[in-house]
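To start, the structure itself, in C-alpha coordinates.
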Number of protein chains: 2
Amino acid sequence: MARHPSIADDELLARLTGVFQDLGYAGASLVALSEATGLKRASLYHRFPEGKEQMAQEVLSAADAWVSEHILDPLKSNDPPEVRVRQMKKALNQLYSGGKQACLLNMLSSADVDEGPFSNHIRSAFKAWIDALIAVLVDAGFEKELARQRAERAVALLHGSLVLSRGMGTTRPFKNYLKDVERELLG
Amino acid sequence: MARHPSIADDELLARLTGVFQDLGYAGASLVALSEATGLKRASLYHRFPEGKEQMAQEVLSAADAWVSEHILDPLKSNDPPEVRVRQMKKALNQLYSGGKQACLLNMLSSADVDEGPFSNHIRSAFKAWIDALIAVLVDAGFEKELARQRAERAVALLHGSLVLSRGMGTTRPFKNYLKDVERELLG
DNA sequence: GTCTATAGTAAGATAGAC
DNA sequence: GTCTATCTTACTATAGAC
(Lines give C-alpha, C1' and ligand atoms only; values in the text may rest on other atoms or scores of the structure.)
Protein backbone atom coordinates (compact mmCIF):
# COMPACT_ATOMS: atom_id res chain seq x y z
CA MET A 1 0.00 0.00 0.00
CA ALA A 2 0.90 3.69 -0.06
CA ARG A 3 1.87 3.44 -3.66
CA HIS A 4 0.72 7.01 -4.21
CA PRO A 5 1.77 10.31 -2.59
CA SER A 6 -0.04 10.99 0.65
CA ILE A 7 0.58 14.68 0.18
CA ALA A 8 0.82 16.68 -3.06
CA ASP A 9 4.08 18.38 -3.98
CA ASP A 10 2.55 21.85 -3.60
CA GLU A 11 1.22 21.20 -0.14
CA LEU A 12 4.42 19.44 0.85
CA LEU A 13 6.54 22.41 -0.15
CA ALA A 14 4.16 24.79 1.59
CA ARG A 15 4.50 22.89 4.86
CA LEU A 16 8.27 22.77 4.58
CA THR A 17 8.29 26.48 3.83
CA GLY A 18 6.44 27.17 7.05
CA VAL A 19 9.00 25.30 9.10
CA PHE A 20 11.95 27.10 7.53
CA GLN A 21 10.17 30.43 8.03
CA ASP A 22 9.58 29.67 11.70
CA LEU A 23 12.84 28.01 12.67
CA GLY A 24 15.44 28.99 10.10
CA TYR A 25 17.72 26.50 8.41
CA ALA A 26 19.71 25.27 11.40
CA GLY A 27 16.61 25.15 13.58
CA ALA A 28 14.54 23.18 11.09
CA SER A 29 15.25 19.63 12.21
CA LEU A 30 14.08 16.67 10.20
CA VAL A 31 11.76 15.80 13.07
CA ALA A 32 10.11 19.24 12.76
CA LEU A 33 9.93 18.92 8.98
CA SER A 34 8.50 15.44 9.32
CA GLU A 35 5.83 16.46 11.80
CA ALA A 36 4.80 19.48 9.74
CA THR A 37 4.35 17.41 6.60
CA GLY A 38 3.01 14.19 8.06
CA LEU A 39 5.74 12.28 6.24
CA LYS A 40 8.30 10.18 8.07
CA ARG A 41 11.93 11.16 7.68
CA ALA A 42 12.67 8.32 5.30
CA SER A 43 9.82 9.47 3.07
CA LEU A 44 11.22 12.97 2.98
CA TYR A 45 14.53 11.53 1.81
CA HIS A 46 12.71 9.65 -0.91
CA ARG A 47 11.39 12.93 -2.29
CA PHE A 48 14.52 14.93 -1.50
CA PRO A 49 17.48 12.56 -1.84
CA GLU A 50 19.95 15.27 -0.93
CA GLY A 51 18.20 15.91 2.35
CA LYS A 52 17.53 19.13 4.17
CA GLU A 53 19.59 21.33 1.92
CA GLN A 54 17.61 20.20 -1.11
CA MET A 55 14.37 20.85 0.75
CA ALA A 56 15.47 24.40 1.49
CA GLN A 57 16.60 24.90 -2.11
CA GLU A 58 13.27 23.74 -3.49
CA VAL A 59 11.40 25.79 -0.94
CA LEU A 60 13.36 28.83 -2.07
CA SER A 61 12.69 28.07 -5.72
CA ALA A 62 8.97 27.64 -5.09
CA ALA A 63 8.91 30.95 -3.25
CA ASP A 64 10.74 32.53 -6.18
CA ALA A 65 8.15 31.22 -8.59
CA TRP A 66 5.30 32.50 -6.44
CA VAL A 67 6.88 35.92 -6.09
CA SER A 68 7.55 36.13 -9.82
CA GLU A 69 3.96 35.31 -10.66
CA HIS A 70 2.19 37.33 -7.99
CA ILE A 71 4.55 40.23 -7.44
CA LEU A 72 7.24 40.74 -10.06
CA ASP A 73 5.12 40.10 -13.15
CA PRO A 74 2.35 42.44 -11.96
CA LEU A 75 5.01 45.05 -11.16
CA LYS A 76 6.27 44.74 -14.74
CA SER A 77 2.83 45.12 -16.29
CA ASN A 78 1.55 48.10 -18.25
CA ASP A 79 -0.91 49.17 -15.59
CA PRO A 80 -0.49 52.56 -13.96
CA PRO A 81 2.13 52.57 -11.17
CA GLU A 82 -0.44 52.87 -8.37
CA VAL A 83 -2.27 49.80 -9.63
CA ARG A 84 0.92 47.78 -9.82
CA VAL A 85 1.91 48.75 -6.28
CA ARG A 86 -1.56 47.88 -5.02
CA GLN A 87 -1.28 44.43 -6.55
CA MET A 88 2.04 43.93 -4.80
CA LYS A 89 0.41 45.00 -1.57
CA LYS A 90 -2.25 42.30 -1.79
CA ALA A 91 0.33 39.67 -2.67
CA LEU A 92 2.58 40.66 0.24
CA ASN A 93 -0.28 40.29 2.65
CA GLN A 94 -0.77 36.74 1.40
CA LEU A 95 2.92 35.88 1.26
CA TYR A 96 3.54 36.84 4.87
CA SER A 97 0.12 35.85 6.22
CA GLY A 98 -0.70 39.35 7.31
CA GLY A 99 2.59 39.72 9.16
CA LYS A 100 2.41 36.46 11.09
CA GLN A 101 5.11 34.75 9.01
CA ALA A 102 8.75 35.76 8.77
CA CYS A 103 10.52 36.20 5.46
CA LEU A 104 12.24 33.11 4.14
CA LEU A 105 15.13 35.17 2.81
CA ASN A 106 15.85 36.52 6.26
CA MET A 107 15.47 33.14 7.95
CA LEU A 108 17.73 31.34 5.48
CA SER A 109 20.41 34.03 5.55
CA SER A 110 21.34 32.76 8.98
CA ALA A 111 22.80 29.68 7.39
CA ASP A 112 25.46 31.44 5.39
CA VAL A 113 27.82 33.96 6.88
CA ASP A 114 30.23 34.27 4.02
CA GLU A 115 29.10 32.18 1.12
CA GLY A 116 26.53 29.58 2.00
CA PRO A 117 24.39 27.36 -0.18
CA PHE A 118 21.65 30.01 -0.44
CA SER A 119 23.64 33.24 -0.72
CA ASN A 120 23.35 33.62 -4.46
CA HIS A 121 19.69 32.75 -4.45
CA ILE A 122 18.92 35.23 -1.70
CA ARG A 123 20.99 38.00 -3.21
CA SER A 124 19.33 37.69 -6.59
CA ALA A 125 15.87 37.50 -5.04
CA PHE A 126 16.41 40.81 -3.29
CA LYS A 127 17.90 42.30 -6.41
CA ALA A 128 15.02 41.20 -8.64
CA TRP A 129 12.52 42.70 -6.27
CA ILE A 130 14.32 46.02 -6.02
CA ASP A 131 14.85 46.20 -9.78
CA ALA A 132 11.17 45.61 -10.44
CA LEU A 133 10.28 48.43 -8.07
CA ILE A 134 12.83 50.72 -9.68
CA ALA A 135 11.14 50.16 -13.03
CA VAL A 136 7.77 51.11 -11.57
CA LEU A 137 9.20 54.26 -10.03
CA VAL A 138 10.95 55.26 -13.24
CA ASP A 139 7.64 54.80 -15.04
CA ALA A 140 6.08 57.02 -12.41
CA GLY A 141 8.50 59.75 -13.38
CA PHE A 142 11.23 59.46 -10.79
CA GLU A 143 14.82 60.03 -11.71
CA LYS A 144 16.75 56.76 -11.72
CA GLU A 145 18.99 57.20 -8.68
CA LEU A 146 16.10 58.43 -6.56
CA ALA A 147 14.03 55.51 -7.80
CA ARG A 148 16.74 53.10 -6.71
CA GLN A 149 16.95 54.62 -3.27
CA ARG A 150 13.20 54.54 -2.77
CA ALA A 151 12.89 50.98 -4.02
CA GLU A 152 15.66 49.77 -1.76
CA ARG A 153 14.15 51.62 1.16
CA ALA A 154 10.73 50.10 0.55
CA VAL A 155 12.16 46.58 0.50
CA ALA A 156 14.19 47.27 3.63
CA LEU A 157 11.16 48.71 5.38
CA LEU A 158 9.11 45.65 4.49
CA HIS A 159 11.68 43.27 5.94
CA GLY A 160 12.18 45.41 9.00
CA SER A 161 8.45 45.51 9.62
CA LEU A 162 8.46 41.70 9.55
CA VAL A 163 11.39 41.53 11.96
CA LEU A 164 9.61 43.94 14.27
CA SER A 165 6.29 42.11 13.98
CA ARG A 166 7.90 38.84 14.96
CA GLY A 167 10.02 40.35 17.69
CA MET A 168 7.22 42.32 19.30
CA GLY A 169 4.60 39.65 18.86
CA THR A 170 2.18 41.83 16.97
CA THR A 171 1.42 42.21 13.28
CA ARG A 172 0.96 45.95 13.64
CA PRO A 173 4.30 47.00 12.12
CA PHE A 174 3.60 44.92 9.03
CA LYS A 175 0.06 46.23 8.73
CA ASN A 176 1.29 49.79 9.04
CA TYR A 177 3.81 49.08 6.33
CA LEU A 178 1.14 47.81 3.96
CA LYS A 179 -1.01 50.83 4.70
CA ASP A 180 1.81 53.21 3.80
CA VAL A 181 3.68 51.39 1.06
CA GLU A 182 1.95 53.15 -1.82
CA ARG A 183 2.67 56.60 -0.40
CA GLU A 184 6.14 55.45 0.63
CA LEU A 185 6.97 54.56 -2.95
CA LEU A 186 5.03 57.02 -5.05
CA GLY A 187 4.14 59.82 -2.66
CA MET B 1 48.15 26.01 36.07
CA ALA B 2 45.54 28.12 34.34
CA ARG B 3 44.29 29.37 37.66
CA HIS B 4 43.30 32.66 36.08
CA PRO B 5 40.91 33.52 33.22
CA SER B 6 42.56 33.28 29.84
CA ILE B 7 40.00 35.70 28.48
CA ALA B 8 38.23 38.57 30.23
CA ASP B 9 34.47 38.49 30.69
CA ASP B 10 33.94 41.46 28.38
CA GLU B 11 35.95 39.97 25.56
CA LEU B 12 34.37 36.57 26.12
CA LEU B 13 30.86 37.97 25.82
CA ALA B 14 31.87 39.98 22.77
CA ARG B 15 33.10 36.84 21.00
CA LEU B 16 29.98 34.89 21.92
CA THR B 17 27.87 37.79 20.68
CA GLY B 18 29.55 37.62 17.32
CA VAL B 19 28.74 33.94 16.93
CA PHE B 20 25.08 34.40 17.82
CA GLN B 21 24.88 37.34 15.43
CA ASP B 22 26.35 35.29 12.61
CA LEU B 23 24.68 31.93 13.16
CA GLY B 24 21.58 32.50 15.26
CA TYR B 25 20.74 30.47 18.33
CA ALA B 26 20.22 27.08 16.72
CA GLY B 27 23.20 27.52 14.44
CA ALA B 28 25.57 28.55 17.20
CA SER B 29 27.05 25.20 18.16
CA LEU B 30 29.27 24.80 21.19
CA VAL B 31 32.11 23.99 18.83
CA ALA B 32 31.61 27.35 17.08
CA LEU B 33 31.35 29.17 20.40
CA SER B 34 34.44 27.37 21.65
CA GLU B 35 36.51 28.22 18.60
CA ALA B 36 35.45 31.86 18.65
CA THR B 37 36.42 32.30 22.29
CA GLY B 38 39.46 30.06 22.45
CA LEU B 39 37.91 28.24 25.40
CA LYS B 40 37.18 24.52 25.35
CA ARG B 41 33.60 23.47 25.79
CA ALA B 42 34.11 22.38 29.38
CA SER B 43 35.54 25.82 30.19
CA LEU B 44 32.50 27.49 28.72
CA TYR B 45 30.32 25.36 30.98
CA HIS B 46 32.42 26.44 33.94
CA ARG B 47 31.55 30.05 33.21
CA PHE B 48 28.00 29.35 32.04
CA PRO B 49 26.75 26.34 34.04
CA GLU B 50 23.39 26.40 32.28
CA GLY B 51 25.03 26.09 28.91
CA LYS B 52 24.15 27.69 25.62
CA GLU B 53 20.91 29.25 26.74
CA GLN B 54 22.67 31.07 29.55
CA MET B 55 25.32 32.29 27.12
CA ALA B 56 22.63 33.74 24.88
CA GLN B 57 20.84 35.32 27.86
CA GLU B 58 24.01 36.99 29.08
CA VAL B 59 24.89 38.09 25.58
CA LEU B 60 21.46 39.68 25.31
CA SER B 61 21.84 41.37 28.69
CA ALA B 62 25.25 42.73 27.77
CA ALA B 63 23.83 44.08 24.52
CA ASP B 64 21.01 45.66 26.51
CA ALA B 65 23.46 47.37 28.80
CA TRP B 66 25.49 48.66 25.88
CA VAL B 67 22.41 49.98 24.11
CA SER B 68 21.14 51.63 27.27
CA GLU B 69 24.42 53.42 27.81
CA HIS B 70 25.24 54.38 24.26
CA ILE B 71 21.82 54.82 22.70
CA LEU B 72 18.90 55.05 25.09
CA ASP B 73 20.49 57.31 27.70
CA PRO B 74 21.74 59.77 25.07
CA LEU B 75 18.26 59.72 23.49
CA LYS B 76 16.81 60.65 26.89
CA SER B 77 19.21 63.53 27.46
CA ASN B 78 18.35 67.22 27.40
CA ASP B 79 20.25 67.90 24.22
CA PRO B 80 18.34 69.16 21.19
CA PRO B 81 16.60 66.35 19.23
CA GLU B 82 19.03 66.51 16.30
CA VAL B 83 22.00 66.05 18.62
CA ARG B 84 20.39 63.06 20.30
CA VAL B 85 19.64 61.41 16.99
CA ARG B 86 23.17 62.04 15.79
CA GLN B 87 24.55 60.33 18.88
CA MET B 88 22.34 57.32 18.17
CA LYS B 89 23.64 57.28 14.64
CA LYS B 90 27.26 56.99 15.77
CA ALA B 91 26.38 54.27 18.26
CA LEU B 92 24.45 52.28 15.65
CA ASN B 93 27.41 52.33 13.33
CA GLN B 94 29.52 50.82 16.11
CA LEU B 95 26.89 48.33 17.25
CA TYR B 96 26.44 46.83 13.81
CA SER B 97 30.02 47.31 12.62
CA GLY B 98 28.99 49.57 9.79
CA GLY B 99 26.37 47.11 8.55
CA LYS B 100 28.57 44.02 8.54
CA GLN B 101 26.92 42.47 11.60
CA ALA B 102 23.33 41.34 11.89
CA CYS B 103 21.08 42.37 14.75
CA LEU B 104 21.10 40.04 17.71
CA LEU B 105 17.37 40.55 18.26
CA ASN B 106 16.61 39.33 14.77
CA MET B 107 18.99 36.39 15.00
CA LEU B 108 17.69 35.21 18.35
CA SER B 109 14.05 35.58 17.36
CA SER B 110 14.50 32.52 15.21
CA ALA B 111 14.67 30.41 18.34
CA ASP B 112 11.21 31.18 19.60
CA VAL B 113 8.16 30.88 17.46
CA ASP B 114 5.50 31.26 20.10
CA GLU B 115 7.10 31.91 23.44
CA GLY B 116 10.77 31.07 23.59
CA PRO B 117 13.39 31.83 26.21
CA PHE B 118 14.19 35.21 24.67
CA SER B 119 10.78 36.48 23.58
CA ASN B 120 10.21 38.78 26.52
CA HIS B 121 13.71 40.15 26.38
CA ILE B 122 13.47 40.85 22.67
CA ARG B 123 10.04 42.38 22.89
CA SER B 124 11.02 44.77 25.65
CA ALA B 125 14.26 45.69 23.87
CA PHE B 126 12.32 46.76 20.79
CA LYS B 127 9.78 48.57 22.92
CA ALA B 128 12.41 50.48 24.93
CA TRP B 129 14.07 51.63 21.74
CA ILE B 130 10.84 52.79 20.16
CA ASP B 131 9.70 54.53 23.33
CA ALA B 132 12.96 56.44 23.60
CA LEU B 133 12.58 57.63 20.02
CA ILE B 134 8.98 58.63 20.65
CA ALA B 135 10.13 60.85 23.49
CA VAL B 136 12.66 62.55 21.22
CA LEU B 137 10.03 63.16 18.58
CA VAL B 138 7.53 64.50 21.06
CA ASP B 139 10.22 66.87 22.31
CA ALA B 140 10.77 67.88 18.71
CA GLY B 141 7.14 68.94 18.53
CA PHE B 142 5.45 65.96 16.92
CA GLU B 143 2.01 64.88 17.99
CA LYS B 144 2.17 61.65 19.94
CA GLU B 145 0.57 59.22 17.52
CA LEU B 146 2.64 60.53 14.62
CA ALA B 147 5.71 60.28 16.82
CA ARG B 148 4.94 56.63 17.55
CA GLN B 149 4.50 55.82 13.88
CA ARG B 150 7.73 57.53 12.92
CA ALA B 151 9.69 55.91 15.72
CA GLU B 152 8.41 52.46 14.86
CA ARG B 153 9.14 53.05 11.21
CA ALA B 154 12.70 54.16 11.94
CA VAL B 155 13.38 51.03 13.99
CA ALA B 156 11.83 48.83 11.31
CA LEU B 157 13.85 50.54 8.61
CA LEU B 158 17.04 50.01 10.58
CA HIS B 159 16.42 46.30 10.96
CA GLY B 160 15.35 45.94 7.38
CA SER B 161 18.49 47.68 6.20
CA LEU B 162 20.51 45.13 8.19
CA VAL B 163 18.56 42.23 6.70
CA LEU B 164 19.12 43.65 3.24
CA SER B 165 22.80 44.32 3.87
CA ARG B 166 23.38 40.75 4.95
CA GLY B 167 21.23 39.26 2.22
CA MET B 168 22.76 41.28 -0.60
CA GLY B 169 26.29 41.07 0.70
CA THR B 170 26.84 44.81 0.81
CA THR B 171 26.66 47.33 3.62
CA ARG B 172 25.12 49.95 1.36
CA PRO B 173 21.54 49.63 2.65
CA PHE B 174 22.74 50.15 6.21
CA LYS B 175 24.92 53.09 5.24
CA ASN B 176 22.05 54.69 3.38
CA TYR B 177 19.90 54.23 6.43
CA LEU B 178 22.42 56.00 8.65
CA LYS B 179 22.70 58.80 6.15
CA ASP B 180 18.94 59.38 6.16
CA VAL B 181 17.93 58.52 9.71
CA GLU B 182 17.96 62.11 10.98
CA ARG B 183 15.74 63.33 8.17
CA GLU B 184 13.64 60.19 8.43
CA LEU B 185 12.85 60.94 12.05
CA LEU B 186 12.81 64.73 12.29
CA GLY B 187 12.39 65.87 8.69
C1' DG C 1 5.61 6.01 -1.93
C1' DT C 2 5.67 5.21 2.83
C1' DC C 3 7.02 2.87 6.55
C1' DT C 4 10.04 0.70 10.76
C1' DA C 5 14.51 -0.02 12.15
C1' DT C 6 19.11 1.29 12.43
C1' DA C 7 23.47 3.15 11.37
C1' DG C 8 26.59 7.14 11.83
C1' DT C 9 27.62 11.63 13.21
C1' DA C 10 27.40 15.93 15.61
C1' DA C 11 25.42 18.27 19.39
C1' DG C 12 24.86 19.48 24.38
C1' DA C 13 26.55 18.44 28.79
C1' DT C 14 29.43 16.28 32.83
C1' DA C 15 33.54 14.15 35.57
C1' DG C 16 37.75 14.53 37.19
C1' DA C 17 42.90 15.60 36.47
C1' DC C 18 45.99 19.52 36.69
C1' DG D 1 40.08 28.23 35.47
C1' DT D 2 41.15 25.20 31.83
C1' DC D 3 41.84 21.00 30.10
C1' DT D 4 41.12 15.80 28.15
C1' DA D 5 38.04 12.24 28.13
C1' DT D 6 33.57 10.59 28.23
C1' DC D 7 28.51 10.32 28.39
C1' DT D 8 23.99 11.06 26.49
C1' DT D 9 21.00 12.80 23.52
C1' DA D 10 19.50 14.63 19.12
C1' DC D 11 20.18 14.91 14.37
C1' DT D 12 21.11 13.50 9.56
C1' DA D 13 20.98 9.79 6.64
C1' DT D 14 20.40 4.87 4.83
C1' DA D 15 18.57 -0.10 4.32
C1' DG D 16 15.10 -2.90 3.41
C1' DA D 17 10.10 -4.56 4.20
C1' DC D 18 5.48 -3.65 2.49
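A note on names: the letters A, B, ... follow the listed sequences, proteins ahead of strands, and every chain is numbered from 1. Please read all numbers here as calculations on a predicted model, not as lab measurements.
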> Mind checking whether H159(B) and W129(B) have parallel, tilted or perpendicular rings, split at 30° and 60°?
Replying inline: perpendicular
Just to verify, what does [X] make a side chain to side chain donor-acceptor pair (under 3.5 Å) with, not counting sequence neighbours?
{"X": "K127(A)", "result": "D131(A)"}
{"X": "N93(B)", "result": "none"}
{"X": "R47(A)", "result": "D9(A)"}

Atom pairs and distances, side-chain donor-acceptor, residues 56-64 of chain A, under 3.5 Å, sequence neighbours left out:
| unit_1 | atom_1 | unit_2 | atom_2 | d |
| --- | --- | --- | --- | --- |
| Q57(A) | NE2 | P117(A) | O | 3.0 |
| E58(A) | OE2 | Q54(A) | NE2 | 3.0 |
| S61(A) | OG | Q57(A) | O | 3.1 |

Can you pull every protein N or O that's under 3.5 Å from an N or O on nucleotides 12-14 of chain D?
| unit_1 | atom_1 | unit_2 | atom_2 | d |
| --- | --- | --- | --- | --- |
| dT12(D) | OP1 | K52(A) | NZ | 3.0 |
| dT12(D) | OP2 | L30(A) | N | 2.5 |
| dA13(D) | OP2 | Y45(A) | OH | 2.5 |
| dA13(D) | O5' | Y45(A) | OH | 3.0 |

I need the [atom1]-[atom2] distance between [X] and [N], as an integer number of Å.
{"X": "L33(B)", "N": "dA10(C)", "atom1": "CG", "atom2": "C1'", "value": "14 Å"}
{"X": "E35(A)", "N": "dA10(D)", "atom1": "CD", "atom2": "C1'", "value": "13 Å"}
{"X": "K40(B)", "N": "dC3(D)", "atom1": "NZ", "atom2": "P", "value": "6 Å"}
{"X": "I7(A)", "N": "dC3(C)", "atom1": "CD1", "atom2": "P", "value": "11 Å"}
{"X": "L44(A)", "N": "dC3(C)", "atom1": "CG", "atom2": "P", "value": "9 Å"}
{"X": "H4(A)", "N": "dG1(C)", "atom1": "NE2", "atom2": "C1'", "value": "9 Å"}
{"X": "R47(B)", "N": "dC3(D)", "atom1": "CZ", "atom2": "C1'", "value": "14 Å"}
{"X": "L23(B)", "N": "dG12(C)", "atom1": "CG", "atom2": "P", "value": "11 Å"}

> Are any of S6(A)'s side-chain N or O atoms less than 4.0 Å away from OP1 or OP2 of dG1(C)?
Replying inline: no
>> Looking at S43(A), I'd like to know whether one of its side-chain N or O atoms comes within less than 4.0 Å of OP1 or OP2 on dC3(C).
In response: yes
> Is there any salt bridge (Lys or Arg N to Asp or Glu O under 4.0 Å) pair reaching into residues 167-186 of chain B, and which pairs are they, with sequence neighbours excluded?
Replying inline: E152(A)-R172(B), R153(A)-E184(B), R86(B)-E182(B), R153(B)-E184(B), D180(B)-R183(B)
